[in-house]
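Owing to the predicted nature of the structure, the values given are computational and were not obtained by experimental measurement. Residues: numbered from 1 along the sequence shown. These numbers come from the heavy atoms of this one structure, side chains and all, not from hydrogens, waters or symmetry mates.
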Amino acid sequence: MSKHKNLYNFLVTGRLGKTAVGKNSFKSEAEETTLLMNPPCGLFADDMSAEISPELPDHASIMEVRLQAQEEEIILLKSSLADALRRIHVHDQLLPLIKQQLVAGRLKISNHSALILILCIYCIYLSLINTFRASGASNYCKKKFRQSIKMFIRGRPITMYIPSNIQNYEDLRMEPPSQRLELDWVYGYRGRDCRANLYFLPSGEAVYFIACVVVLYHINNRTQRHYRKHTDCVRCLTLHPDKVRVASGQTAGVDKDGKALQACVHIWDSTTLVTLQQIGLGTFQRGVGSVAFSCADSGTFLCVIDDSNEHMLSVWDCNKGTKHAEVKSTNEAVFAVEFNPSDSTNIITCGRSHVYFWTLSVRLSRMDGWMDGWMDKYKKPKFIQCFVFSLTGDVLTGDSEGNILTWGKSAADVKTLGKGAKGNLKTLQIMRQTKAHEGSVFTLCTLQGSALLSGGGKDRKIIRWSADLAPERECEIPEKFGAVRTIADVDDEELLVGTTRNAILRGTFSDGFVAIVQGHVDEMWGLATHPSQNIFLTCGHDRQVCLWNTEEHQLDWCINLEEYGLCADFCPNGSVVSVGLSTGRWMVLDLLTQDVISDSTDGNEQLSVIRYSPDGSFLAVGSHDNFIYIYNVTENGRRYSRFGKCNGHSSFITHLDWSTDGKHIMSNSGDYEILYWDIAAGCKLLRNRFESKDREWASYTCVLGFHVMGVWLEGSDGTDINALCRSHSERIVAVADDFCKVHLFQYPCPKPKAPSHRYEGHGSHVTNVCFTHCDSHLLSMGGKDMCILQWRVVGRGSGDSRERLTSASSTSTGSPEPATYSNQPDACLNQGVLNLGVGTPFGVTRHWEGVARCL
């Protein structure tokens, strides 16, 4: 009895050899029985989570409810502990008698199975005692009887309850998933704040960029290839004179710890997508703003302007990757840089309030700035937006006043020239001013035969000019695409046009222009995939709701809203989609007609999540006012009536999921809270979260939960993960983080530091991820990069997630297979099974079958 008393003392007080009353033994058998049947209420307190009290009006009544619930749990724990100790006490009395009878030969064994059963009893008894002696009762109970585990976010503990089908949590092994992702398609184009970033290759491909990806899109075959060696957002692009090599520059950016990353320029082969040279790694501050190849010497040099305050201008040898010269250009913004096509020693830059002409010295050791060349009779524009070289050697610039200025060489007085022009007999002066557009001239493009194209901002016009700047033809692009940002010549008739609303148009002056690439123009958050078709919907701060086709890789339709959208979900029947907006308003759209068939408002704060129940009979709307609004859904998703409101979170709702039976909801909030709700019972808060540990969920998008604990890195901030999505097969889970990465984990992944596959491509925080209905593709959405990436899922796993989890938790390296656990209360001797008797609520009743096994 003494060793069992010590065990009991340890469990009650945390110290061996001392009872709960502070003495080394019980005063009487009656007192012993009383303590066994009613152990102190602090027992196993660490395994019970302290529920976070919601901020309700009657705080005292809430505390009473919580206290009552905890008292009920304590009573249950007391009963279970007393039952366990009672059974051990019975075994302690019976086993010596059985052993004595076996030795004396007086015990009659009727069959071989009974003998094996008795040996099992004795082996289990010895192994149990040895385990307690070797590792201590506390460690043993912690490892084998654990029913919860805590994770910490920003120092706040979050209790996760272990499902019953996991027998040995400590033995779970996390592995990367067998599935992987391959980039299939990139939606979008960065035309809103970048210039001269669209070129046409002899291969029939248009080359442009968005986020960290340079896209090569075959305009006839409608296929894409991707150059993906950049580690942050691409900002500029230029084409080599050989029409094969491409140079692209990126921003510097920062890593997840706030440490600055290094900007650089990549020179790569557009045919093989092989990087040929990396220019200036660690040299450029903040990023690379403009790049240009020299032409007169077949592209030997590359000129780069960085994004530092002085906008350093440097010239590099493309083949060797070495720097030849560098100079501070200006403190004003620089929009473009180009070499003179007939003289690689001359360079021009333009931007805010300037156009500068530069020359390289003979030794290529330094640069001198020429005068900016303004004459008194011309109004100095605020911006010089672009420039090109004519076949006659003149320079044509487009400015913010809508004019095209012609710069030619003429004799000039040294007094009117800048310091860098001393010793030169001629310099470039404004020779002519031509009114071209209303608003800015954003781009100029030279064609074969000396013709010129100009693209306007405010008037959205494309004008073709003759060699002497006489207008020949013009057309206006639709308003929904924005202003003309850049123009690329396809065959002297057909054109590609990049716009300020992130679209690429294809067409001619005669036939007009149609969009071949489209995208959002502001930060995106809402993403939903159709339950049975290969389409998905997006919405964001640009007030656009867009429906995309994953097979055709194109935009099916787009509508504009009065407020910006933040979340969306398809009705399970697939005929309608709900969109949550920034003002507490949400609307239901018909997929075929795009008509608004329902419009409601809940509160006056933004909505963060909207989700249909699996059968489509309910709709849950999570708001930043801390409430979840529940609606009855009838008439195939066309009629909505308020059912109730979930009141209990102390911060704004971030994520929620429905159970497979459509009766319960799991929700997360901004203060890292996990709550469960019984919707069928009137939106009742389930205060005992332990009861929900085995509930199955129709979807899994909550970022906090036992099954996705492993996606959080150690020391993570609560905002490091923006979204996650479990595949429909329940084999993998995709994660969108705050550091531009998409991760792929196995599902479930309940252990810390779970391994994953990591994928780059986004240039901003990844706001959302979602699998298509058949798990063939994953969609990820960037925030500020306005980019949607479509990933192909390759490699298929096997087996249900629950089966794999149970199998994994039943396997231990280097030791015999441990026993499985169940919640059956008693042993069945005639089946050769022994119950150790440590039953509910711990869920660790151990059954032994066949021959005896020692732990």
Worksheet item: Can you tell me how far the CZ atom of Arg192 sits from the OG1 atom of Thr500, to the nearest 0.5 Å?
Response: 9.0 Å
Discussion item. Quick check with a 6.0 Å cut-off and a 45 degree axis cone: is Lys741 positioned over the face of Phe739's six-membered ring?
Written reply: no
Worksheet item: When the ring centroid of Phe536 is compared with that of Tyr187, is the distance short of 6.0 Å?
Response: yes
Worksheet item: Without hydrogens or angle criteria, can the side chains of Asp738 and Asn722 be said to hold a donor-acceptor pair below 3.5 Å?
Response: yes
Discussion item. Whether the His765 and Glu523 side chains hold a donor-acceptor pair (N or O, under 3.5 Å, no angle test) is what I'd like checked.
Written reply: yes
Response to the item:
Only residue of Val588, Leu561, Leu589 satisfying side chain to side chain contact (heavy atoms under 4.5 Å, CB included) with Val596 is Leu589
Worksheet item: How about His655 and Val609: do any of their side-chain heavy atoms sit closer than 4.5 Å?
Response: no
Fill in: Pair Arg689, Ser692: side-chain N/O donor-acceptor within cut-off below 3.5 Å
no
Fill in: Check against salt bridge (charged side-chain N to carboxylate O under 4.0 Å, His left out), Glu714 and Lys753
CA-CA 7 Å; Glu714 187 175 357; Lys753 301 180 181 179; 3.4 Å; yes
Worksheet entry | Trp791 side chain to Ser780 side chain, donor-acceptor N/O pair below 3.5 angstrom | yes
Worksheet, complete the sentence: Across all chains, not counting sequence neighbours, the ring pair (Phe, Tyr, Trp, His ring centres under 6.0 Å) partners of Phe771 are none
Worksheet entry | Gln554 and Asn549: side chain donor to acceptor below 3.5 Å | no
Worksheet, complete the sentence: In short, Thr550 meets Thr772 closest at the heavy-atom pair CG2-CG2, 4.4 Å
Discussion item. What I want to find out is whether Asp678 reaches Lys663 closely enough, with some N-O distance under 4.0 Å, to be called a salt bridge.
Written reply: no
Item to complete: Establish, from distance only, whether the side-chain atoms of Ser164 and Asp694 form a donor-acceptor pair under 3.5 Å.
Response: yes
Worksheet item: Do we see a donor-acceptor contact under 3.5 Å between the side chains of Ser699 and Thr701?
Response: no
Discussion item. Looking at every heavy atom in both Thr654 and Gly670, which two are closest together, and how far apart are they?
Written reply: CG2-N, 3.7 Å
Worksheet item: Would Asp775 and Arg731 pass as an ion pair if we require N to O under 4.0 Å?
Response: no
Worksheet item: Where the side chain of Asp657 meets the backbone of Cys702, is there a donor-acceptor pair that is under 3.5 Å apart?
Response: yes
Practice prompt. Answer yes or no: is there an ion pair linking Arg235 with Asp193, defined by an N-O contact shorter than 4.0 Å?
Written response: no
Worksheet item: Which side-chain hydrogen bond (donor to acceptor under 3.5 Å, both in side chains) pairs, counting each pair once, include a residue from residues 559-581, with sequence neighbours left out?
Response: Glu563-Arg585, Asn573-Ser575, Ser578-Tyr612
Discussion item. Is the positively charged end of Lys751 above the ring of Tyr169, judged by distance under 6.0 angstrom from the centroid and angle within 45° of the axis?
Written reply: yes
Worksheet entry | All side chain to side chain contact (heavy atoms under 4.5 Å, CB included) counterparts of Ser623, not counting sequence neighbours | Glu605, Leu607, Asp625, Tyr629
Item to complete: Would you check if the side chain of Thr767 reaches a backbone N or O of Met781 as a donor-acceptor pair within less than 3.5 Å?
Response: yes
Worksheet item: With no hydrogens and no angle check, do the side chains of His777 and Arg792 hold a donor and an acceptor under 3.5 Å apart?
Response: no
Worksheet entry | Exercise: do Trp548 and Thr538 side chains pair donor with acceptor under 3.5 Å | yes
Worksheet entry | Expected output: side-chain Asn668 to main-chain Leu704 donor-acceptor under 3.5 Å | yes
Discussion item. So, using ring pair (Phe, Tyr, Trp, His ring centres under 6.0 Å) as the criterion, who are the partners of Tyr631 when residues are at least two apart?
Written reply: Trp586
Fill in: Side-chain donor-acceptor contact under 3.5 Å, Gln250 with Thr231
yes
Worksheet item: Residues in ring pair (Phe, Tyr, Trp, His ring centres under 6.0 Å) with Trp677, at least two apart?
Response: His649
Practice prompt. Report yes if the side chains of Phe209 and Cys194 come closer than 4.5 Å at any heavy-atom pair, otherwise no.
Written response: yes
Worksheet entry | Derivation and outcome, side chain to side chain donor-acceptor pair (under 3.5 Å), residues Asn502 and His520 | CA-CA 7 Å; Asn502 295 347; His520 282 268; over 6 Å; no
Worksheet item: Who are the ring pair (Phe, Tyr, Trp, His ring centres under 6.0 Å) partners of His230, not counting sequence neighbours?
Response: Tyr227, His266
Discussion item. Quick test of your reading of the model: are Lys645 and Asp602 salt-bridged, counting only N-O distances below 4.0 Å?
Written reply: no
Worksheet item: Can you name the closest pair of heavy atoms from His762 and Cys212 and give their distance?
Response: O-SG, 3.2 Å
Worksheet, complete the sentence: Between Asn534 and Cys774 the two heavy atoms that sit nearest each other are OD1-SG, 4.4 Å
